[in-house]
Amino acid sequence: MNIPTNHPRRASLEQRHALEKGLNQGIVTPTGMIAFGRGEAFDYLLGEKTTNNAQKACRAAAAMLLLSRHAVLSVNGNTAMLCAKNVIRLAQTTGAQIEANVFYPPVKKRRALIARHFEKLGKKILGKNTSKKIPGLASNRSLVEEKGIFSADTVLVMVEDGDRTQALRKTGKKIVAIDLNPKSRTAIAAHVTIVDNVVRAVPEIARHAQKLRNKNTEELEKIVAAFDNGKSLKEALAFMKKRA
Ligand code: ATP
């Protein structure tokens, strides 16, 4: 598909196109396309730009990832197709692992396809050898790798279902979320939520992480402590209401 460079909705059309490609490859599911459409509506209200509010959340997320002993960036079909290269960059900047973790079937096959997608970009990721379960989640959607999400102290989730975010939070892990809907269960359950499109937020967290990497633990802890997720979500919603 050729999208004119000056098309006003170029970024959004490129994302749609990437997901359609993922759908044909079996990486993205029809439900993923619906979730994308929900996100697009919220992105429209944001003006398809990273707000100051999201910037602050990206900085807190970067500090949280840098403070972690073992952080894992959880990727699903949508995020693999939308921002794999930037997820790899974020993993490199923060020392985090990447794990394929999907909600909708065929779970095993899609995890393998996502891992192959990252391998083609030069990055080996986790998600194929799942022997552990996230407690409180039914079915094989709860399966995770022992040396990945299961033992992580911090997990970054994006375009994630609320059930899983809530179950992950209950295990005592720190949760960073990227979700365009400030009212979603994922946005509310996370410790740090970035209300922004993954396409813009992931490179933005990496940029902050690059700037914060030489800060000491105390300085990073101060950044995290100063962040109030409830207040930040209210600000994001107020921004959208003003534009609606
Ligand atoms: P919840 O279960 O958390 O209450 P939900 O039922 O909408 O919310 P999903 O269907 O799994 O959960 O949706 C994933 C979430 O991801 C939605 O809130 C959607 O707005 C958001 N989303 C979709 N596309 C993007 C994107 N490109 N960047 C960031 N967030 C997105």
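One-based numbering, in listed order, for ligands and for the atoms of each. Scope of the values below: all heavy atoms of this structure, side chains included, with no hydrogens, waters or symmetry mates. Numbers here simply count residues along the sequence, with the first being 1.
Judged purely by atom type and a 3.5 angstrom limit, D179 has no side-chain atom pairing as donor or acceptor with the backbone of T186. Looking at N76, its side chain never comes within 3.5 Å of a backbone N or O of N101 through a donor-acceptor pair. Without hydrogens or angle criteria, E99 side chain to S74 main chain gives no donor-acceptor distance under 3.5 Å. Looking at T94, its side chain does come within 3.5 Å of a backbone N or O of L90 through a donor-acceptor pair.
The pair R185-D163 counts as a salt bridge, with a side-chain nitrogen and a carboxylate oxygen less than 4.0 angstrom apart. Residues D43 and R200 are paired through a salt bridge, judged by an N-O separation under 4.0 Å between the basic side chain and the carboxylate.
At a 3.5 angstrom cut-off on N or O pairs, F42 does not count as close to ligand 1. For ligand 1, the polar-atom distance check finds no N/O of V159 at less than 3.5 Å from any of the ligand's N/O atoms. In terms of N/O distances under 3.5 Å, ligand 1 is not approached by D163. Between Q15 and ligand 1, no pair of N/O atoms sits closer than 3.5 Å. Considering backbone and side-chain N/O atoms, L180 comes within less than 3.5 Å of an N/O atom of ligand 1.
Protein heavy atom at the shortest distance from atom 3 (O) of ligand 1 is T186 N, 3.0 Å. Distance from atom 8 (O) of ligand 1 to its nearest protein heavy atom, with residue and atom name: S184 CB, 3.7 Å. Shortest contact from atom 17 (C) of ligand 1 to any protein heavy atom: D179 OD1, 3.6 Å. Protein heavy atom nearest atom 28 (N) of ligand 1, with residue, atom name and distance: V198 N, 3.0 Å. Remark: minimum distance from atom 27 (N) of ligand 1 to any protein heavy atom is reached at N197 OD1, 3.0 Å. Annotation: atom 23 (C) of ligand 1 to nearest protein heavy atom, A35 O, 3.1 Å.
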**Request:** Show your reasoning for whether side-chain contact (heavy atoms from CB on, under 4.5 Å) applies to K231 and K234.
**Result:** CA-CA 5 Å; K231 191 169 157 235; K234 275 190 193 140; 5.7 Å; no
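Ligand 1 has at least one atom lying under 4.0 Å from a heavy atom of D196. Within the structure, ligand 1 has E160 among the residues with a heavy atom less than 4.0 angstrom away.
Those atoms of ligand 1 with a heavy atom of N181 less than 4.0 angstrom away are 18 (O), 20 (O). Every atom of ligand 1 with a heavy atom of D161 under 4.0 Å away is listed here by number and element: 2 (O), 11 (O).
The part of L82 lying near ligand 1 is the side chain, judged by heavy-atom distances below 4.0 Å.
Pairing each heavy atom of P182 with each of I188, the nearest pair is O-CG1, 4.3 Å. Residue N229 comes nearest to A187 through the heavy atom pair ND2-O, 3.3 Å, listed as atom of the first residue, atom of the second, then distance.
The number of heavy atoms from other shown groups lying within 6.0 Å of CZ (R116) does not exceed 12.
Within the set G162, A177, G39, the minimum heavy-atom distance to atom 22 (N) of ligand 1 is found for G39. For atom 13 (O) of ligand 1, the nearest non-hydrogen atom from the set R185, E40, R38 comes from R38.
Judged by the 6.0 Å and 45° rule, K123 forms no cation-pi pair with F118.
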